[in-house]
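Since the model is a prediction, treat every value here as computed from it, not as a measurement.
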Amino acid sequence: MGERKISVEFSGGAELLFGNVKQHDVVLPAREKRWNLGSLFFWLKDNLLHERSDLFIQGNSIRPGILVLVNDTDWELLGQTEYEINNDDRVVFISTLHGG
Amino acid sequence: MGERKISVEFSGGAELLFGNVKQHDVVLPAREKRWNLGSLFFWLKDNLLHERSDLFIQGNSIRPGILVLVNDTDWELLGQTEYEINNDDRVVFISTLHGG
Amino acid sequence: SEKKAEGLSREEIARYGRQLILPEFGVEGQVSLKQSSALVVGAGGLGCPAALYLAAAGIGRLGLVDYDTVELNNLHRQILHSEGTVDVPKVLSASASLIRLNSQVECIPYNVALDSSNALLIIEQYNVVLDATDNVATRYLLNDACVLLGKPLVSGSALRFEGQLTTYNYQGGPCYRCLFPKPPPPETVTNCSDGGVLGAVPGVVGCLQALEAISLLAKKKSLYSQKLLLFDGAAGSFRLINLRPRQKSCNVCGESPSVTQLQDYEQFCGSSASDKTKTIQLL
Amino acid sequence: SEKKAEGLSREEIARYGRQLILPEFGVEGQVSLKQSSALVVGAGGLGCPAALYLAAAGIGRLGLVDYDTVELNNLHRQILHSEGTVDVPKVLSASASLIRLNSQVECIPYNVALDSSNALLIIEQYNVVLDATDNVATRYLLNDACVLLGKPLVSGSALRFEGQLTTYNYQGGPCYRCLFPKPPPPETVTNCSDGGVLGAVPGVVGCLQALEAISLLAKKKSLYSQKLLLFDGAAGSFRLINLRPRQKSCNVCGESPSVTQLQDYEQFCGSSASDKTKTIQLL
Ligand SMILES: [Zn+2]
Ligand SMILES: [Zn+2]
């Protein structure tokens with residue numbers, strides 16, 4: 001599968017794990033296997049995460065309290081970790097806020 | 001030039017001239033000449049406008065107080081009436097509000 | 001519309017004239033709003049503007065829940081309070097401001113900490129609940145109580161320069177547990193005391209919570225069910241997200257719920273329902 | 001940051017603590033805000049929330065301009081006023097509320113109709129101007145005065161369920177005349193008295209005007225210069241538009257301006273600067 005150029009964004013505090021940068025242009029390298037959301041998580045953990053991977057990934061998925069969106073749609077509507085990534089996808093990780 | 005399928009939207013009160021409908025799916029028919037914004041205005045006047053064309057078009061352009069946007073960008077940045085329309089363009093007419 | 005206007009007094013028609021002339025609102029909307037009630041939980045940065053615009057618009061009954069007293073450091077965003085009400089219970093300070101603006105609103109202050117022993121008794125008396133709280137435990141409590149009682153929950157939150165808004169448990173949309181079956185690790189939760197917040201950010205979100213509640217009550221229409229509005233106040237931008245519908249597997253609103261009564265939410269979340277202490281020791 | 005905190009008293013550090021701990025705001029932002037001034041023109045649906053959040057945040061000096069008195073039909077959206085201040089000049093009613101919240105803000109009420117004879121004298125005393133007015137003539141007046149004096153103009157508007165927000169005349173962005181060289185035909189202009197407005201809509205826009213002014217004053221950063229924010233309160237959605245830059249051909253901010261002093265704006269627009277009468281007879 002060819003490389004994938006996507007935008008990865010963090011908000012609600014999730015950006016604090018990624019150098020306090022909210023928007024990243026990411027190029028996923030070409031490889032044999034498909035690039036899906038599940039593999040993106042581990043690529044981000046290995047390549048973009050600055051600290052505390054347990055605050056981003058727990059087990060095989062994203063930790064509780066972070067919503068994953070692709071192109072402004074909840075990943076739950078897209079097949080979750082199985083969703084296959086396309087060029088120009090915008091993947092957003094939102095840490096939910098609780099303050100008032 | 002082939003047909004053009006676009007979205008035409010009105011807000012800020014401009015929708016009142018178009019049957020109080022804010023969003024219209026529009027198909028501009030195939031024809032010899034190019035479809036640009038200037039020709040769209042007159043097509044809208046002849047085909048979609050419900051009343052008072054002088055409150056939409058004055059002379060060869062849109063009346064003062066209405067902003068024209070294509071894909072969330074001011075038409076002034078796109079060549080104004082000369083901008084050539086593409087499929088899936090979203091053309092928005094905004095009547096500026098003055099209330100407070 | 002002569003007939004419909006019967007539900008309003010001459011003074012109400014004068015007072016709400018600028019809403020009444022909106023065809024999409026009208027006398028019917030005003031009468032519905034007058035016959036409705038909302039409970040605002042939290043009289044802080046979100047609850048102040050939300051309650052203010054609900055009272056201004058002419059809601060019939062407005063409950064306010066908060067156990068806290070006004071502190072000086074609240075005043076940069078909690079705009080119903082004032083220098084003269086520092087140390088006064090927030091719900092009393094807020095009610096006094098609301099009544100000055102609109103004495104026709106029946107304003108009911110609950111100077112209590114909402115918990116599993118009192119939440120159902122209070123919430124069942126209202127048509128819609130606004131979550132304007134500051135901690136995870138109370139958010140799960142409100143969610144479960146609203147699901148058990150079948151009330152829509154207009155949930156706002158704000159921290160630093162960001163705000164979020166969605167409506168839970170309404171017409172096939174998800175509840176809080178549909179999105180978040182498990183609470184977040186306590187160390188990932190930041191409140192406004194620790195993280196700070198620019199006051200106008202909860203101002204924007206609170207006004208939108210009022211708008212959504214008015215839409216629900218006056219027009220039976222939700223703007224934010226199954227949608228999440230994100231506001232980035234550092235960029236001035238908004239984004240509207242499509243969320244999943246109600247989940248069959250949900251522990252409280254699903255097909256075979258395991259949560260059929262309120263629980264101990266501080267234990268469930270591993271964190272306190274007070275915004276003043278972040279984590280309670282479980283061991 | 002010990003040194004920077006010198007500009008703030010112990011009480012101010014306590015009061016604004018939740019803003020001070022924001023790294024992007026900090027003591028420096030608070031000191032800048034305290035040393036700054038803003039003029040809110042119009043103490044109505046937009047001006048009330050805008051002035052409220054500016055005062056809450058600790059702006060140094062806040063001018064308020066309005067010639068009108070409070071009416072009962074204002075109270076559904078003009079939330080600084082109250083039943084007890086009906087018939088009182090709006091600027092006095094509003095100032096009293098603002099001072100209750102924050103007595104440290106120097107609040108200056110101008111109970112006048114802004115016009116070509118007084119606009120420059122008033123505006124030159126402020127760092128930023130918020131347009132919270134209700135008519136086209138005053139919007140052109142404010143624009144030209146701000147261009148002539150080099151002040152940024154944070155312009156909000158609201159009608160029915162819609163709101164708009166942009167900042168004019170700032171760092172290469174357009175002015176009002178760059179976008180609208182000619183005024184609209186008077187019969188296309190609707191004000192809130194005629195068209196109605198849902199109160200929470202100007203609430204949202206007014207809070208955002210305060211946020212933008214705070215960003216301009218505390219961080220020298222604009223969120224809405226050369227951008228237009230559209231809010232559709234019937235759908236709950238927002239859209240951010242890219243606008244043209246300053247236009248060389250502009251009559252007031254362009255390369256060879258024809259407007260070099262204030263004009264008669266009622267005549268230019270063919271409409272009154274009062275929101276109570278829509279069109280003045282020119283012939
Ligand atoms: Zn659920
Ligand atoms: Zn200009």
Side-chain angles (χ1 to χ4, degrees), chain A residues 7-24 37 41 44-45 49-83 88-100, chain C residues 41-47 77-78 131-139 155-160 162-164 166 174 176 178-185 187-197 201-202 205-206 226-228 230 232 234-235 239-245 247 271 275:
Chain A
S7 171
V8 177
E9 298 176 34
F10 302 94
S11 77
E15 70 277 12
L16 298 173
L17 299 171
F18 293 84
N20 205 16
V21 175
K22 291 198 154 191
Q23 197 277 329
H24 302 253
L37 276 178
F41 299 160
L44 290 174
K45 178 188 158 198
L49 191 72
H50 282 229
E51 49 185 322
R52 296 293 306 270
S53 67
D54 59 312
L55 299 186
F56 182 61
I57 292 194
Q58 288 189 1
N60 277 315
S61 196
I62 295 300
R63 73 138 169 97
I66 293 184
L67 273 182
V68 184
L69 312 169
V70 183
N71 305 329
D72 289 349
T73 297
D74 188 346
W75 73 324
E76 187 75 33
L77 297 170
L78 302 171
Q80 295 177 293
T81 53
E82 292 305 313
Y83 170 82
D88 299 323
D89 275 351
R90 190 164 65 166
V91 183
V92 185
F93 298 87
I94 300 168
S95 186
T96 46
L97 305 176
H98 309 90
Chain C
V41 184
L46 298 164
R77 69 185 194 281
Q78 303 184 16
D131 187 342
T133 66
D134 201 12
N135 65 85
V136 187
T138 308
R139 289 184 182 269
S155 177
S157 59
L159 184 69
R160 294 183 280 258
E162 289 187 279
Q164 298 175 352
T166 185
Y176 191 50
C178 290
L179 295 184
F180 305 109
K182 287 186 203 169
E187 67 267 35
T188 66
V189 176
T190 310
N191 61 31
C192 293
S193 302
D194 295 334
V197 62
V201 172
V205 177
Q226 217 174 316
K227 288 182 198 288
L228 171 64
L230 303 174
D232 181 348
R239 187 182 287 184
L240 196 56
I241 302 296
N242 295 310
L243 294 179
R244 69 197 72 173
Q247 299 292 286
S271 62
D275 65 347

With no hydrogens and no angle check, is any side-chain donor or acceptor of D74(A) less than 3.5 Å from a backbone partner on R244(C)? yes
Going by heavy atoms in the side chains, are P174(C) and Q247(C) under 4.5 Å from each other? no
Portion of L17(A) that has a non-hydrogen atom of chain C nearer than 4.5 angstrom: neither
With distance as the sole test, does Q164(C) use its side chain to make a donor-acceptor pair with the main-chain N or O of S157(C) at under 3.5 Å? no
Side chain, backbone, both or neither: which part of D131(C) has a heavy atom under 4.5 Å from chain A? neither
Can you check whether K22(A)'s main-chain N or O pairs, donor with acceptor, with E9(A)'s side chain at less than 3.5 Å? no
Do R90(A) side-chain atoms and D72(A) backbone N/O form a donor-acceptor pair below 3.5 Å? no
Side chain proximity check, S271(C) to N135(C), heavy atoms < 4.5 angstrom: no
Let me know if P181(C) has heavy atoms under 4.5 Å from chain A in its side chain, its backbone, both or neither. neither
Go through S95(A), P64(A), G65(A) and name the one with the most non-hydrogen pairs under 4.5 angstrom from chain C. P64(A)
C192(C) and L159(C), any side-chain heavy atoms less than 4.5 Å apart: yes
At a heavy-atom separation under 4.5 Å, does V136(C) approach chain A through its side chain, its backbone, both, or neither? both
Just to be sure I understand the criterion: a residue of residues 55-63 of chain A counts if one of its heavy atoms is under 4.5 Å from a heavy atom of chain C. Which ones qualify? L55(A), Q58(A), R63(A)
Would you call W75(A) and L67(A) a side-chain contact if the rule is heavy atoms closer than 4.5 Å? no
Just say parallel, tilted or perpendicular for the rings of F41(A) and F93(A), cut-offs at 30° and 60°. perpendicular
Given heavy-atom pairs under 4.5 angstrom as the criterion, report whether the side chain, backbone, both or neither of L240(C) touches chain A. backbone
Tell me, out of K227(C), R239(C), R160(C), who's got the most heavy-atom pairs with chain A below 4.5 Å. R239(C)
